[in-house]
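The basis for the numbers below is simple: all heavy atoms, side chains too, and nothing from hydrogens, waters or symmetry mates.
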Amino acid sequence: MDWMLDPTSDEPLFRQIVRHFEECIFTGTYPPGSPLPTERLLAAQLQVNRSTITEAYAELRASGLIHSRQGSGTRVSEHLWGVAQRQPNWFAYTNGGTFIPTQPLVKRIREATARPGIIAFNGGEMNPELFPHHELQETMHTLPLTRLLGYLPPEGDPALRLSLCDYMREEHGIVATPDQILITSGAQQALHLITQCLLRPGDAIALEGPSYMYSLGVFPSAGLRLFRLPVDADGLEPEQVIQLYRKHKIKLVITNPTYQNPTGTVLSLKRRKRLLAICEEIRIPVIEDEAYGALRLDDAPPPLPTLVSLNKGNGLVVHIGSFSKTVAPGLRIGWVVAPPSVISRMADAKKEIDHGTSTLSQQLLTAYLQKADWRGHVQQLKTALTRRRDLMRQALSEHVGDKASWNHPKGGYSIWCQLKKPIADQDLIEKAIAHGVLFMPGTIYGAEPGFIRLSYACPAESEIVEGIRRLGRML
């Protein structure tokens, strides 16, 4: 070990050790699952009493960063559920601020995506061949440039917010007024504003596990503690909310109830109602992410009511929507539906952050919703995604066979697979890159080892069968 203690520091020796290992874990020097030195060995290396190491390891275990098991020693935790990601000031400076760096494995996957010949099933966006290029191009030509070069109100273009009221009422049964809507630069900015305006560092929140939300740096960067709500075939288990509230005093619940990313599950109507009843009783809000709600595939049953519509305007639910999954991610248009007081607070923060979402994107989308056959585009998109899903499932049957099992999603972008034989993430990704195929390991989303997410929306349709063939050869 190159690092050494500073005996002249006022900071206790065990705290120096804790701080060092926190840094190594958060920056990926010690990846999830990697072994740590035994207490006896580390005490000898650092020339301290073994009790100092015992105290340091005890604090790291209490924070959830490491675990010890008889026979396998002490290792870095495979996940960060329940972890309060503390950052000493010097660590924050050397990392360019408080934002948690991207996980090394995710960086590796992103870098490999640009390699020639790679077939990428890892992305969370649709392939450009699915964009409404022609309709958006024609709509763009109708916009007068003189109206597009200034700021709009931080809440968003009034015309777009009015159009969203009509859209949500017709498509999702959501009754809202313009003063209950905030336009954001995509759904992820909405989540960032929630962390900055409604929560404090150290607060505990409940997420579905696994969940795309778990993979985002926005929550740990805000100093929040994440606690897992187990997910089964009917979505999250509402009764667990009560347990987490009693044990950790969670401040809110975040759920992706319809075609959940990455599992594809749909929260049942019974559980939707129960979740709302529980959260109303303990007086904590629900954040509803409906990114995929409009993407009901051709063989899916009728959509269930959204949480915000079930709540009937009682102010319990903050609803997040986006056009990134149905129109084009590059427009960066999302929105929040919430009580006016919440919208006002978030709009104030948004003005300080970016003076408002792009005027050009907002007015282009407003005109597109008013003039173009966007409903026809969404139906074509759903048909294309259905075809792609079926193509991938057939290819999995032919080329992966009994090496994995997978779900039959009724909406969204991806198939959730479980490998029959779990493989360490690092080995899995390096082998995949060598075979010219990419996907996302489930541990990125807080799942147990052995799961992967395959996006059928991300690659070109012509690449799906060959990509699954490569996956099968690799396995």
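The line from OG of Ser185 to NE2 of His192 is 11.0 Å long, rounded to the nearest 0.5 Å. Taking OG1 from Thr366 and CD1 from Ile333, the interatomic distance works out to 8.0 Å, rounded to the nearest 0.5 Å. Here Glu461 contributes atom CD and Leu385 contributes atom CG; the two are 10.0 Å apart, rounded to the nearest 0.5 Å. In this structure, Leu391 CG and Gln394 CD are separated by 6.5 Å, a value rounded to the nearest 0.5 Å. Taken to the nearest 0.5 Å, the NE2 atom of His435 stands 12.5 Å off from the CD1 atom of Ile119. For the atom pair CD1 of Ile343 and CD of Glu155, the computed distance is 8.5 Å after rounding to the nearest 0.5 Å.
The aromatic rings of Tyr167 and Phe323 are tilted relative to each other, their planes meeting at an angle between 30° and 60°.
Contact of the Val465 side chain with the Glu398 side chain is not registered, since no non-hydrogen atoms from C-beta on lie closer than 4.5 Å. Counting only heavy atoms from C-beta outward, the side chains of Ser77 and Leu65 never approach each other to under 4.5 Å. Side-chain atoms of Ile287 and Thr255, non-hydrogen and from C-beta on, never get closer than 4.5 Å to each other. Residues Val400 and Ile468 are in side-chain contact: their nearest non-hydrogen atoms beyond the backbone lie under 4.5 Å apart. Thr265 is not listed as a side-chain neighbour of Trp416, based on a closest heavy-atom distance of 4.5 Å or more. By the 4.5 Å heavy-atom criterion applied to side chains, Ile320 and Glu288 are not counted as neighbours.
Of the possible donor and acceptor atoms, one in the side chain of Arg393 sits under 3.5 Å from a partner among the backbone N and O of Asn407. Between the Lys325 side chain and the Ala294 main chain, no donor and acceptor come within less than 3.5 Å of each other. A donor-acceptor pair under 3.5 Å is absent between the side-chain atoms of Ser322 and the main chain of Ala291, judged by distance alone. Arg161 places a side-chain N or O within 3.5 Å of a backbone atom of Gly156 that can act as its donor or acceptor partner. Without hydrogens or angle criteria, Arg296 side chain to Gly412 main chain gives no donor-acceptor distance under 3.5 Å.
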| What's the verdict on ring pair (Phe, Tyr, Trp, His ring centres under 6.0 Å) for Tyr456 and Tyr413, showing C-alpha distance, side-chain angles and the deciding distance? | CA-CA 6 Å; Tyr456 46 78; Tyr413 275 7; 7.4 Å; no
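Within 6.0 Å of NZ on Lys273 lie no more than 12 heavy atoms contributed by other residues, nucleotides or ligands.
In this structure, Phe451 has its ring center at least 6.0 angstrom away from the ring center of Phe439.
The minimum heavy-atom distance linking Gly293 with Tyr259 is given by the pair O-CE1, 4.1 Å. Pairing each heavy atom of Arg271 with each of Asp234, the nearest pair is CD-O, 3.6 Å.
Here Glu237 does not pair with Lys270 in a salt bridge; the nearest charged N to carboxylate O distance is not below 4.0 Å. Remark: Arg470 engages Glu466 in a salt bridge, criterion side-chain N to carboxylate O under 4.0 Å. For the pair Glu239 and Arg274, the salt-bridge criterion is met [side-chain N within less than 4.0 Å of a carboxylate O].
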